[in-house]
Amino acid sequence: MAGRRPIVDIDQVSRVHDEHQPAIRAWLAGGGDRRRLTALALSGIAALAVACGTSGASASADGDVPPAPAAECAILQPPGPRDAPPPGGEIDVAGQGPGRFRLCLGGPSPLSVEGTAWCSWDAARQSVVAVSGLPTPAGTVDYEAFLQFETGGYEVHLTDRTSGVIANYVPRSDPTGIGAEPGQVSGLLPVDVVIFTGGEPAPPGAPQALQGRVRWACGDPPAT
């Protein structure tokens, strides 16, 4: 079954390693040019299959965070000041606050990564409306997770830092139960995603699907 179209601008996500803000701006805007992955980008995705071969790997953007047991997929470092979006950038971050995410993938090469997330709140600062898990490395691959509670969507992105190639994964079917209740500041989401190729054939060796869980946690909301 084909996955849904992505909800993040692929072109902007490809520049996330130079600066996080363009990708997050496209995500939060929820619109813009949602172009398909090009054949040029797809030609290098096979490198991700090799890079993902860090069997049993567990990593974090923060070197002092120990690995989490795969069965728990627990966030081991609470959101703190260094997880907050930097002020004074190109976009308005007034509605965003600090957060953390952990992505746990199963299969023959299980992997768990934990890193910074930016949490977007509603105007009343009562509900989390989106969580953007920023690039978190494991081996030569950066992992990202995007959760959009208002529309019920989520995605996982893998980027090979050696080639710059991005693999974008979208839900295998329409996700259900994706949301955050007022006052809810953490949660656990099952992940079942397939690669989105924009109609182009995926290169041999590229992971066709990913399964696991993603846990998110948000700190205090930003000031109104």
Side-chain angles (χ1 to χ4, degrees), residues 7-8 13 16-17 20-21 23-24 27-28 52 54-86 93 95-107 109-122 125-139 141-150 152-159 169 171 175-193 210-222:
I7 49 181
V8 178
V13 174
V16 74
H17 302 286
H20 291 155
Q21 291 184 359
I24 306 305
W27 165 256
L28 295 176
C52 289
T54 53
S55 180
S58 180
S60 170
D62 311 289
D64 57 346
V65 179
E72 299 177 4
C73 198
I75 292 177
L76 301 185
Q77 177 172 301
R82 64 177 175 175
D83 297 310
V93 297
Q96 300 178 56
R100 301 284 293 178
F101 83 107
R102 181 175 285 274
L103 177 65
C104 301
L105 300 178
S109 299
L111 180 141
S112 174
V113 295
E114 178 178 336
T116 291
W118 291 353
C119 298
S120 298
W121 295 74
D122 64 2
R125 305 297 191 261
Q126 297 295 318
S127 300
V128 177
V129 298
V131 175
S132 301
L134 301 187
T136 302
V141 175
D142 281 350
Y143 295 80
E144 303 166 74
F146 298 90
L147 314 177
Q148 174 56 265
F149 300 131
E150 289 184 320
Y154 72 96
E155 294 181 14
V156 175
H157 294 178
L158 278 59
T159 303
Y169 293 83
T176 59
I178 310 301
E181 299 296 329
Q184 182 180 353
V185 295
S186 64
L188 181 66
L189 171 70
V191 170
D192 184 11
V193 290
L210 301 171
Q211 292 182 320
R213 290 178 290 179
V214 59
R215 189 179 292 276
W216 58 276
C218 297
D220 294 333

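For this chain, numbers begin at 1 and follow the sequence in order.
Annotation: side chain of Thr136 is in contact with side chain of Phe101 (closest heavy-atom distance under 4.5 Å). Using a 4.5 Å heavy-atom cutoff, the side chains of Leu111 and Tyr143 are in contact. Within the 4.5 Å cutoff, no side-chain heavy atoms of Val214 are placed close to those of Arg102. Between Phe146 and Gln148, the closest side-chain pair of non-hydrogen atoms is not below 4.5 Å. With contacts defined as side-chain heavy-atom distances shorter than 4.5 Å, the pair Val185/Trp121 qualifies.
Between Glu144 and Leu134 the shortest heavy-atom distance is CG-C, 4.1 Å. Shortest non-hydrogen contact noted between Leu76 and Pro78 is O-CD, 3.9 Å. Residues Cys119 and Pro98 come closest through the heavy atom pair SG-O, 3.8 Å. For Gly99 against Asp83, the heavy-atom pair with the smallest separation is O-CB, 3.5 Å. Nearest heavy-atom pair, Val113 versus Ala138, reported as atom, atom and distance to 0.1 Å: CG1-CB, 3.6 Å. Smallest separation of non-hydrogen atoms from Gln77 and Glu114: N-OE2, 3.1 Å.
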Item to complete: With ring pair (Phe, Tyr, Trp, His ring centres under 6.0 Å) as the test, would you mind laying out the steps for Trp216 and Phe149 before giving the verdict?
Response: CA-CA 12 Å; Trp216 58 276; Phe149 300 131; 5.0 Å; yes
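Taken to the nearest 0.5 Å, the SG atom of Cys73 stands 7.0 Å off from the CG atom of Leu103. To the nearest 0.5 Å, the span separating OH on Tyr169 from CG on Leu158 amounts to 5.5 Å.
Judged as a side-chain hydrogen bond (donor to acceptor under 3.5 Å, both in side chains), and not counting sequence neighbours, the contacts of Gln211 are Asp192. Legend: residues meeting side-chain contact (heavy atoms from CB on, under 4.5 Å) with Asp122, ordered by chain and number and at least two apart, are Ala124, Gln126, Ser127, Val129.
A donor atom on one side chain and an acceptor atom on the other are not found under 3.5 Å apart for Arg215 and Ser186.
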